[in-house]
Amino acid sequence: MSEHATLSDLDAARDNTQSAAAQRESVEVIPAANESGQPAGPDAETLSMQQALNRALSEILEADRKAVVLGEDVGQLGGVFRITDGLQRKFGEARVFDTPLAESGILGMSVGLAMAGYHPIPEVQFDGFAYPAVNQIICQVGRMNYRSRGKLPMPITLRVPSFGGIRAPEHHGESLEALFAHVPGLKVVSPSTPHEAYHLLKFAASRPDPVVFMEPKSRYWQKGPVDTAASGYSPEGARVVREGRHLTLVAWGAMVARCLQVAELAAEDGIDIEVLDLRWLKPIDAEALATSVGKTRRAVVVHEAPLTSGLGAEVAALITERCFGTLKAPVERVTGFDVPYPSGDLEDEYIPDIDRILFGIQRVLEYRRG
Amino acid sequence: MAEIPGSDHAFLADEDLRELYRLMVAVRHLDESAIRWQRQGLIPGYAPELGQEAAQVGSGYALDMTRDFVFPTYREMGVARTVGVDMVEYMSTHKATWHGGLYDPAATRFAPIQAVVAGSVLHAVGWAHAQTLDGTGGAAITYFGDGASSQGDVHEAMNFAAVMKAPVVFFIQNNGWAISVPTERQVAGGSVAARAAGYGIPSLQVDGNDVVAVAEATAAALAHARAGNGPAIVEAMTYRRGPHSTSDDPGRYRTLEAERADAGEDPLQRMRSHLVAKGLADEAFFEEALAAAKAEEERIREGIMALGPRPGREMFDFVYQEPTAALKDQARAWREESEHV
């Protein structure tokens, strides 16, 4: 294939994809270790993301006597997603405790615990339940270090089961990354694989600043290799999941696996796509964007959140600032719509699917300066 | 309402009573001076506490600052002065130098000045729970008013604290007014302390203009919390004699006559009469106390006048412990493009 994909190539790719999308339940597979860009070391185990997060929390509590886990149903039940399963039994009620059902209380209490030298790891049970805590997250968690001139750091790791894809009731599937990324003082990260989940959670919990840790709940039960040793692992910045020459797909959370599927389908038609897992949504690794798009000269950013003022706009601006001279086309955004998150029956219409991502790729590849 | 046992009257000796008066005079004089500073253009704004000296000094005096921690709002100057916060560093917030004040909140055990109404009430619960985990015997005291008691965070804090038996004292200064809205339009039932029964928290409603009563009630509440009995509520009934802030105009919502009728006896006059009646102070003592207050205000005013703006780079320095690359880029651009190179 030459530098530009042909329309027929794309149509063929789309046809393939449509049939693939129709069978998504059966074809959705976790990429093998090599395809997810991660070293499958000799010690790698196969774990689900739920197991990887649980393992990470256990090791954090083991190593850091000041770490405490708190939230709704995180104790005996182990959380509604079982991420904290068994932790209260292992570490006791002082370290892992249930709170009353009030998210502002959970976050406000975490601020006070942090002021007393603790490293709270609060859980907000579902993303939509973070809204009642927004005042504490924005005005307190995000600002206490600033207000106190650095004397009262907020080493809080706020775990938020995030994004859609599980046919849940209203406000059990939201994509809040742009809201949190806009807040000075917060950092935001989202893992895409069990290996990433394990390492990024351990890293986030070791840092002195507050981190909103957005767990892609639709990936909790997908298994993948986790190398807990991974001596060369770098938890900061973005990571190239799949190298390619023609176009960069930028994604995070559950959209990374979907973009890898798209890349495999496009490859059958000679379109060589690079997939960049952004990982950190604040700070965004602008250099990684520039390096990748500087090479591919085309970019599509994919996210589940609504389009307007979504993080895709920030990604597009960062790419444009750094790669304006070499870009072959405007950065395309394939996202959710500017609508409330729909009910389960319409979920697949809302979340970017393989077809819509391929259409976005097609628009970029076909773009001609007018 | 449940009783709080163990009120310890013995902790206030004669010299303590004199010291409470000295503190109230110092606070009153600084408070009135700060309004003048604002009128003179020395500071852009101030939230006076005229009439609340007994509530603030009395409660602050009951604290053990070797192990307790204060969670204030923006109107706790009297508490700050009583527990020994540097008053230039405290008043710097009213000079618009730094939101939370320049004092070190960790070292002074006085949380940064909090402009979010009821914002820090939950923090007190979290901090207090940490004392339970650490077994320090320390207690948190969180200050808020009748207006703030309408916030949902106050409910969540009281419920969390009661469920977890956290050693925290909820200290309400019911001063009759939330800016322009009177308590009866703010607090259903007319009392925040009355809510305590619903949480199973013992409470005391106290004459907030009686500094001795406030100190004793607060000491009893702290003793209750320290003993592992969980939280306590103290509602000090007082009166905001001044405006909400130097931008407020009480004439729009209350008459001078009503103000005088509702304010009750001045807390300083009351303590003065008490000291005289007990033979603990004479005219020379009162003159000395006022002279000391004036000298102190003079030093603080000079400190405030000498206080320049913080270096602009501090906008960037304290956002994170580990600043992001983007923030460093913005700081660099600001340095290059501003006059502060």
Side-chain angles (χ1 to χ4, degrees), chain A residues 65-66 68 70 94-95 97-118 120 122 132-133 135-136 138-140 142-155 184-187 207-210 236-237 280 282-287 314 318, chain B residues 69 71 98-108 111-116 118-134 136 138 140 142 151-153 155-157 159-164 166 168 310 314-315 317-329:
Chain A
R65 301 301 299 168
K66 286 295 184 184
V68 288
L70 67 156
R95 307 284 310 283
F97 55 92
D98 289 324
T99 65
L101 200 166
E103 288 76 15
S104 189
I106 294 167
L107 270 297
M109 184 169 186
S110 296
V111 170
L113 283 161
M115 289 172 76
Y118 278 81
N135 174 43
Q136 285 291 335
I138 293 178
C139 298
Q140 308 300 339
R143 291 195 192 175
M144 190 59 81
N145 187 72
Y146 185 81
R147 188 183 293 137
S148 69
R149 303 173 57 77
K151 299 294 187 184
L152 297 172
M154 289 286 114
L186 300 181
K187 295 179 180 179
R207 307 324 305 157
D209 291 310
E236 295 182 271
W280 288 90
K282 189 174 194 177
I284 291 178
D285 188 348
E287 293 316 306
E314 186 68 25
L318 290 169
Chain B
F69 207 103
F71 293 81
W98 197 261
H99 289 316
L102 289 173
Y103 58 92
D104 179 341
T108 58
I113 290 155
Q114 175 71 249
V116 179
S120 64
V121 182
L122 282 160
H123 307 169
V125 178
W127 186 91
H129 185 65
Q131 307 318 299
T132 304
L133 297 179
D134 292 343
T136 64
T142 171
Q151 292 279 355
D153 274 4
H155 158 67
E156 292 189 22
N159 190 49
F160 272 54
V163 165
M164 297 181 181
V168 55
R310 303 302 304 169
E314 289 191 353
M315 281 193 296
D317 286 350
F318 297 121
V319 181
Y320 295 102
Q321 293 281 319
E322 296 175 336
T324 62
L327 190 60
K328 287 178 189 169
D329 283 347

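Just so it is clear, the values below take in all heavy atoms, side chains as well, and ignore hydrogens, waters and symmetry mates. Lettering of chains follows the sequences in order, A, B, ..., and the numbering in each one begins at 1.
Contact of I113(B) with chain A is made through the backbone alone, with heavy-atom distances under 4.5 Å. If you measure heavy-atom distances from E156(B) to chain A, the contacts under 4.5 Å come from the side chain alone. With a 4.5 angstrom heavy-atom cutoff, N135(A) touches chain B only via side-chain atoms. If you measure heavy-atom distances from D134(B) to chain A, the contacts under 4.5 Å come from both the backbone and the side chain. Interface remark: V319(B) contributes backbone and side-chain atoms alike to the contact with chain A (heavy atom separation under 4.5 Å). In this structure, chain B has no heavy atom under 4.5 Å from any part of M154(A). The part of L186(A) that comes within reach of chain B is its backbone (N, CA, C, O), which places non-hydrogen atoms under 4.5 angstrom from that chain. The part of F71(B) that comes within reach of chain A is its side chain, from C-beta onward, which places non-hydrogen atoms under 4.5 angstrom from that chain. Only the side chain of Q131(B) comes within less than 4.5 Å of a heavy atom in chain A; its backbone stays farther off.
Highest contact tally toward chain B, considering only A114(A), G150(A), G117(A), S110(A), is held by G150(A) [criterion: heavy-atom pairs under 4.5 Å]. Note on G185(A), A116(A), P283(A): by heavy-atom pairs under 4.5 Å with chain B, the leading option is G185(A).
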If you look only at distance, which donor and acceptor atoms sit under 3.5 Å apart when one is on a side chain in residues 120-128 of chain B and the other is two or more places apart or in another chain?
| unit_1 | atom_1 | unit_2 | atom_2 | d |
| --- | --- | --- | --- | --- |
| S120(B) | OG | P72(B) | O | 3.4 |
| H123(B) | NE2 | Q136(A) | OE1 | 3.0 |
| H123(B) | NE2 | G119(B) | O | 3.2 |

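Taking OG1 of T324(B) as the reference point, atom CH2 of W280(A) lies at 11.5 Å (rounded to 0.5 Å). Rounded to the nearest 0.5 Å, atoms NE2 (H129(B)) and CG (L70(A)) are 8.0 Å apart. Here the straight-line distance linking atom CZ of R143(A) with atom NE2 of H99(B) works out to 7.0 Å at 0.5 Å rounding.
Counting heavy atoms from C-beta on, the side chains of M164(B) and T99(A) come closer than 4.5 Å.
Counting heavy atoms of neighbouring residues, nucleotides and ligands inside a 6.0 Å radius, atom NZ of K66(A) exceeds 12 of them.
The two residues P112(B) and M144(A) have their closest heavy-atom pair at CG-SD, 3.9 Å.
For the ring pair (Phe, Tyr, Trp, His ring centres under 6.0 Å) with Y146(A), the lone residue among F318(B), Y320(B), W98(B) that qualifies is W98(B).
Pairs engaging residues 119-130 of chain B under the salt bridge (Lys or Arg N to Asp or Glu O under 4.0 Å) rule: none recorded [sequence neighbours left out].
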